[in-house]
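Model, not experiment: these values are computed from the prediction. Every heavy atom of this structure was used, including side-chain atoms; hydrogens, water molecules and symmetry mates were not.
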Amino acid sequence: MNTGLQLYNTLSRKKEVFQPLNAPNVGMYVCGPTVYSDVHLGNCRTFISFDLIFRYLKYSGYKVRYVRNITDAGHLEGDRDEGDDKFAKRAKLEQLEPMEIVQKYTLGFHDVLRMFNTLPPSIEPTATGHIIEQIEMIKVIMANGYAYEIDGNVYFDVEKYSKEYNYTILTNRNLEDMLNNTRELGGQDEKRGRLDFALWIKAKPETLMQWQSPWGMGFPGWHIECSAMSAKYLGSEFDIHGGGMDLAATHHTNEIAQSEACSHKQPARYWMHTNMLTVNGTRMSKSAGNGFLPLELFTGAHPLLKKGYSPMTVKFFMLQAHYRSTLDFSNDALDASEKGFRRLMTAVSLLDKLQVSEQNDFDIDALKEKCIHAMDDDFNSPILIAELFEAVRMINTVYDGKGKISAEALAKLKQLVHDFVFDILGLKDEDAGSNDLNGVLEMVIDIRTEAKANKDYATSDRIRIGLQALGIQLKDGKEGTTWSKA
């Protein structure tokens, strides 16, 4: 079991040695999507990042219970318990039942993550499937004196909580500044404090998604679901809680408050957050007109894109930036990632064609140590990818006859590539399943090889140039000819 892993903890604002509560078991909770619309790229980056973390923890010998929720109720348009329910609003627009909206966009979410070749979580609970747990948690918070009920609504008392706990521990914000920057309560607002938030919301008669509770018919607030479900499946204390950095200031801050008000324990030891996306240097958002959905990125059906990019190209592009760094989308950056990914996959495809020798020119063990060191440094995927291109250099050197590799070293190199390219980064060769295309191209390559042997260079060049026009690039080497998508 790997004990050298360090990760950045938002709670302490520094890197810490990872020490699970109950090694080798690891509990990890990640805030999942609110399934009222198509999943956006910011969500995808978060889930790809935590898929990488999940994969590496498993590779390191840990037994991981990865819980990622589905928010299918209780998320209002505003973070301050304002506006319409997102599901009800979308249901009206599409003339569907709210749970039809939930089903439609949950399936879409899963489809997109399958395209990105992410592993499913160990448990994927839904808010609507855990109403009882949320009600029970609210009852305990009220019994402990940290919440109050007014006319069927239950609110968390931030002022009362802040006298005993640090409400801003996650973000290190000044509580007085937060109060000053929060609007005054109007006459229609029944909350006692400006920072108080809803644990349970009274339903209007026309509300379609509502449940019976000790406070009347209603539905849970957005924040309580994650506190209730993380406690149910991981306990009142667990190892890692993750999500996008946009969740830290409100959602995760309120999660910590609810959990401590209930169990008097800080829920997670390590809080991890992914950074935001930008497009050509500007923050990605629908209002700015520069936000595009995964399928638009795959097809190129967006004014800001000059063409489409495959799911693995996009995933490779995301992994080339550290999960805590801003990731800037541009056509040039995606083009560069496309070339890099293809170069990596082309080299991987040559592994089974390498000839072994008694002599060995490469230290595979040293390369493996560098790969592990990169991932042990807060899951540094860009450094890992840089190290993997050293493996690419080794493969191409041997294939071109400019270096020699022993059978033992080749076996280690194959294992390294399998572990880090496929098992940890979660990449896959998108051309590998094209058996029909493989067969056709092998036949064409044989015809070209025969033409060259007969000194029919006109036919040989015609095949090469014709394939290149179709996006297929041939590479002649000492061991024969290979192909890749240009």
Beyond-backbone contact of Ser310 with Glu338, side-chain heavy atoms, under 4.5 angstrom
no

Checking side-chain polar atoms at under 3.5 Å, does Ser12 have a donor or acceptor matched by the opposite partner on Glu16?
yes

Between Asp423 and Lys58, does any side-chain N to carboxylate O distance fall below 4.0 Å?
no

Has Glu159 got more than 12 heavy atoms of other residues, nucleotides or ligands less than 6.0 Å from its CD?
no

Is Asn69 reaching over with its side chain to a backbone N or O of Thr126, donor-acceptor style, under 3.5 angstrom?
no

Mind telling me whether His273 and His252 have parallel, tilted or perpendicular rings, with 30° and 60° as the class edges?
tilted

Apply the test side-chain hydrogen bond (donor to acceptor under 3.5 Å, both in side chains) to residues Asp51 and Ser49: give CA-CA distance (whole Å), side-chain angles for both, the deciding distance (0.1 Å), then the verdict.
CA-CA 5 Å; Asp51 181 66; Ser49 296; over 6 Å; no

Taking the ring centre of each residue, are Phe47 and Phe109 less than 6.0 Å apart?
yes

Neighbour count >12 (heavy atoms, 6.0 Å) for atom NZ, Lys14:
no

What do you reckon, is CD of Glu206 surrounded by more than 12 foreign heavy atoms closer than 6.0 Å?
yes

Can you find a pair of side-chain heavy atoms, one from Pro98 and one from Ile101, that are under 4.5 Å apart?
no

Begin with the C-alpha distance, continue with both residues' side-chain angles, and end with the deciding distance and a verdict on ring-ring contact (aromatic ring centres under 6.0 Å, His included) for His223 and Phe197.
CA-CA 9 Å; His223 313 300; Phe197 57 90; 5.4 Å; yes

In terms of side-chain heavy atoms, does Thr282 have a donor or acceptor partner in Asn280 at a distance below 3.5 Å?
no

is_close_aromatic(Tyr233, Tyr29), centroid dist under 6.0 Å
no

Step by step, would you call Ser381 with Gln320 a side-chain hydrogen bond (donor to acceptor under 3.5 Å, both in side chains)?
CA-CA 6 Å; Ser381 57; Gln320 283 182 298; over 6 Å; no

Would Thr34 and Tyr105 count as a side-chain contact (heavy atoms from CB on, under 4.5 Å) here? Give the steps.
CA-CA 9 Å; Thr34 301; Tyr105 291 111; over 6 Å; no

Leu319 side, atom CG; Phe341 side, atom CZ - distance, nearest 0.5 Å
10.5 Å

Mind checking the CZ-OG1 spacing from Arg173 to Thr168? Nearest 0.5 Å is all I need.
7.5 Å

Between Phe50 and Phe379, is the ring centroid distance below 6.0 Å?
no

Rounded to the nearest 0.5 Å, how far does NZ of Lys63 lie from CG of Asn22?
10.5 Å

Determine, stepwise, if the pair Thr274 / Thr46 fulfils side-chain hydrogen bond (donor to acceptor under 3.5 Å, both in side chains).
CA-CA 6 Å; Thr274 56; Thr46 294; 2.7 Å; yes

Looking at the rings of Phe298 and Tyr309, which for Trp means the six-membered one, are their centres under 6.0 Å apart?
no

Under 3.5 Å: donor-acceptor pair, side chain of Lys315, backbone of Phe116:
yes

In this structure, are over 12 heavy atoms from other groups packed under 6.0 Å from Ile132 atom CD1?
no

So, Asp378 versus Gln6: side-chain donor-acceptor pair below 3.5 Å or not?
no

Are Arg45 and Leu327 packed together at the side-chain level, in the sense that at least one heavy-atom pair is separated by less than 4.5 angstrom?
yes

For Tyr146 and Glu260, test the side chains for any donor-to-acceptor distance below 3.5 angstrom and give the result as yes or no.
no

Under a 4.0 Å N-O cut-off, is there an ion pair linking Arg342 with Asp429?
yes

Could you tell me if Trp271 and Glu255 have a donor-acceptor pair between their side chains, going purely by distance under 3.5 Å?
no

Would you say Glu430 and Pro311 make side-chain contact, with heavy atoms under 4.5 Å?
yes

Do the ring planes of Tyr167 and Tyr161 sit parallel (below 30°), tilted (30 to 60°) or perpendicular (above 60°)?
perpendicular

Could you tell me if Thr278 and Asp328 have a donor-acceptor pair between their side chains, going purely by distance under 3.5 Å?
yes

Quick test of your reading: applying salt bridge (Lys or Arg N to Asp or Glu O under 4.0 Å), list the pairs with at least one residue in residues 102-126, sequence neighbours left out, ordered by first then second residue.
Arg68-Glu124, Glu94-Lys104, Asp111-Arg114

Report the C-alpha separation of Asp335 and Lys306 in whole Å, then their side-chain angles, then the decisive distance to 0.1 Å, and conclude whether the salt bridge (Lys or Arg N to Asp or Glu O under 4.0 Å) test is met.
CA-CA 10 Å; Asp335 284 343; Lys306 66 181 183 182; 2.6 Å; yes

Which residues pass the side-chain hydrogen bond (donor to acceptor under 3.5 Å, both in side chains) test with Lys160, not counting sequence neighbours?
none

State whether the number of non-hydrogen atoms from other residues, nucleotides or ligands found under 6.0 Å of Arg324 atom CZ is greater than 12.
yes

Would you say Thr207's side chain and Met209's backbone share a donor-acceptor pair under 3.5 angstrom?
no

Work out which heavy atom in Asn275 is nearest to a heavy atom in Ser325; give both atom names and the distance.
CB-O, 3.3 Å

Could you tell me which non-hydrogen atom of Ile53 sits nearest to which non-hydrogen atom of Met28, and how far apart they are?
CG2-SD, 3.9 Å

Hey, does the Lys NZ or Arg CZ of Arg192 hover above the aromatic six-ring of Tyr148, less than 6.0 Å from the centre and inside 45° of the axis?
yes

In Å and rounded to the nearest 0.5 Å, what is the CG to CE distance from Leu425 to Met312?
10.5 Å

Could you walk me through whether Asp72 and Thr128 pass the side-chain hydrogen bond (donor to acceptor under 3.5 Å, both in side chains) check?
CA-CA 6 Å; Asp72 59 352; Thr128 55; 2.6 Å; yes

Indicate the ring-plane relationship of Tyr165 and His264, choosing parallel, tilted or perpendicular according to the 30° and 60° boundaries.
parallel

